[in-house]
2 protein chains.
Amino acid sequence: MSAGYSVAHSSRASTRISLGVLPDLLGYHLRRAQVAVFQNFAEVIGTSDLTPGQFGVLVVIDANPGLSQTQLGNTLGMDRSTVVAMIDRLEHRELVLRQASPFDRRAHALHLSAHGKAALGRLLASVRVHERAITRGLSASEQTTLIQLLARVARAP
Amino acid sequence: MSAGYSVAHSSRASTRISLGVLPDLLGYHLRRAQVAVFQNFAEVIGTSDLTPGQFGVLVVIDANPGLSQTQLGNTLGMDRSTVVAMIDRLEHRELVLRQASPFDRRAHALHLSAHGKAALGRLLASVRVHERAITRGLSASEQTTLIQLLARVARAP
DNA sequence: TATTGTTATACTCTATAACTATA
DNA sequence: TATAGTTATAGAGTATAACAATA
């Protein structure tokens, strides 16, 4: 695999560390970009305030008031049990309400609380700042290209 | 925010669910692509076998035998305590060895075991299959473009 | 029989703070 | 004083399996 020669002959920070095959792999760059974006999200939005995943849940509930947990999970690619934990947290923070579904007595109809709607309004402004930060350095057409290529990767499997 | 009309007037799977503003956000597409790539990795490599993050650790240790945990963390953007947990798992599975550093008695020199090297060899072959799967549908130049754009997003902050 | 939500359980990743042993 | 690794702790995200209520 490797040549077998240790490059770590010193603990100095200046020691060059090789990434091996990683820079050739799309998966690696995806993860690094994801980490950078997540960190910027936390800086702009406030790390303890909300995660990107929770923001996405609020957006989808706002756009589809009354949808069920199963519908939400299918839309965002989350398991049912994951949705339960997710909504539990947002309900404890009084951003989301579980109401009785008028169509199916097994299901919950999800809605944003007034507090949740106000929070989402503030979040959307912050998210726009966040998006500008992570795409600064990319032209408008490069942003479009990147999003389209990512969407094709997400659909691929 | 939303018009306030519920779209979930039925629990039928055919109900159209809106993603709201999400399709306009780079962060959203990044997350969806990441999830798809992670799932394909698990399918090709075997979900319980190794995660993409653990694979990356093996690659970097192989490329830099004897490096310290701190160097590893800096290279892959992980906290020191995260590295401890990561190496604990790989050490329990006898893929990675913690040896005494000849330069610093506080530090551990990380090496792959013989078993770890053999496992990495097999993994690299599977990862090539995985990469072909997630980039199928993209031309060679599109793959290059995507990686370069992601690298710029990762460096941006 | 199948589906919705739930609980119990478990694992990975992540990080902060405080500790120890070294430097 | 500062650094390397560790521990304790915590929380998010993820998932599987089994269950009750309902369809």
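Just so you know, these numbers use all the heavy atoms, side chains as well, and skip hydrogens, waters and symmetry mates. Residue numbers begin at 1 in each chain, while the letters A, B, ... track the order of the sequences.
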OP1 or OP2 of dT6(C) sitting under 4.0 Å from any side-chain N/O of Q69(A)?
yes
Listed partners of R89(A) passing side chain to side chain contact (heavy atoms under 4.5 Å, CB included), at least two apart
Q54(A), A85(A), M86(A)
Rounding to a whole Å, what distance do you find between L50(A):CG and dA12(D):C1'?
12 Å
Nearest-Å distance, CG (L90(A)) to C1' (dG13(D))?
13 Å
Enumerate the ring-ring contact (aromatic ring centres under 6.0 Å, His included) contacts for residues 68-91 of chain A, please, sequence neighbours excluded, ordered by first and then second residue.
none
Run the side chain to side chain contact (heavy atoms under 4.5 Å, CB included) test against R128(B) and tell me which residues pass, sequence neighbours left out.
L124(B), A125(B), R132(B)
Partners passing side chain to side chain contact (heavy atoms under 4.5 Å, CB included) against P23(B) (at least two apart in sequence or in another chain)
L19(B), H29(B)
How many Å lie between NE2 on H108(A) and C1' on dT6(C), as a whole number?
9 Å
Which letter, B, S or -, goes with each nucleotide of nucleotides 13-22 of chain C from 5' to 3', with contact meaning a protein heavy atom under 4.0 Å?
BBBB----BB
Atom pair distance, as rounded to whole Å: NE2 in H92(A) and P in dA12(D):
11 Å
Length of the CD1-C1' vector between I87(B) and dT7(D), whole Å
17 Å
Just jot down the side chain to side chain contact (heavy atoms under 4.5 Å, CB included) partners of S141(A), sequence neighbours excluded, or say none.
S139(A)
For the helix from dT1(C)-dA23(D) to dA23(C)-dT1(D), figure out the bend between the end axes, five pairs an end, and round to 10 degrees.
0°
Applying side-chain hydrogen bond (donor to acceptor under 3.5 Å, both in side chains), can you list everything that pairs with T70(A), at least two apart in sequence or on another chain?
none
Report the distance from atom CG of D88(A) to atom P of dT14(D), rounded to the nearest whole Å.
15 Å
Please determine whether the number of non-hydrogen atoms from other residues, nucleotides or ligands lying under 6.0 Å from atom CD of E94(B) exceeds 12.
no
The criterion is side-chain hydrogen bond (donor to acceptor under 3.5 Å, both in side chains); which residues satisfy it with D24(B), sequence neighbours excluded?
none
Donor-acceptor pair, Q69(B) side chain versus R98(B) backbone, under 3.5 Å?
no
Interatomic distance, F41(B) CZ vs dT14(D) P [rounded to whole Å]
18 Å
What is the distance, to the nearest angstrom, from the CG atom on L72(A) to the C1' atom on dT14(D)?
15 Å
OP1 or OP2 of dG11(D) less than 4.0 angstrom from a side-chain nitrogen or oxygen of R93(A), does that happen here?
no
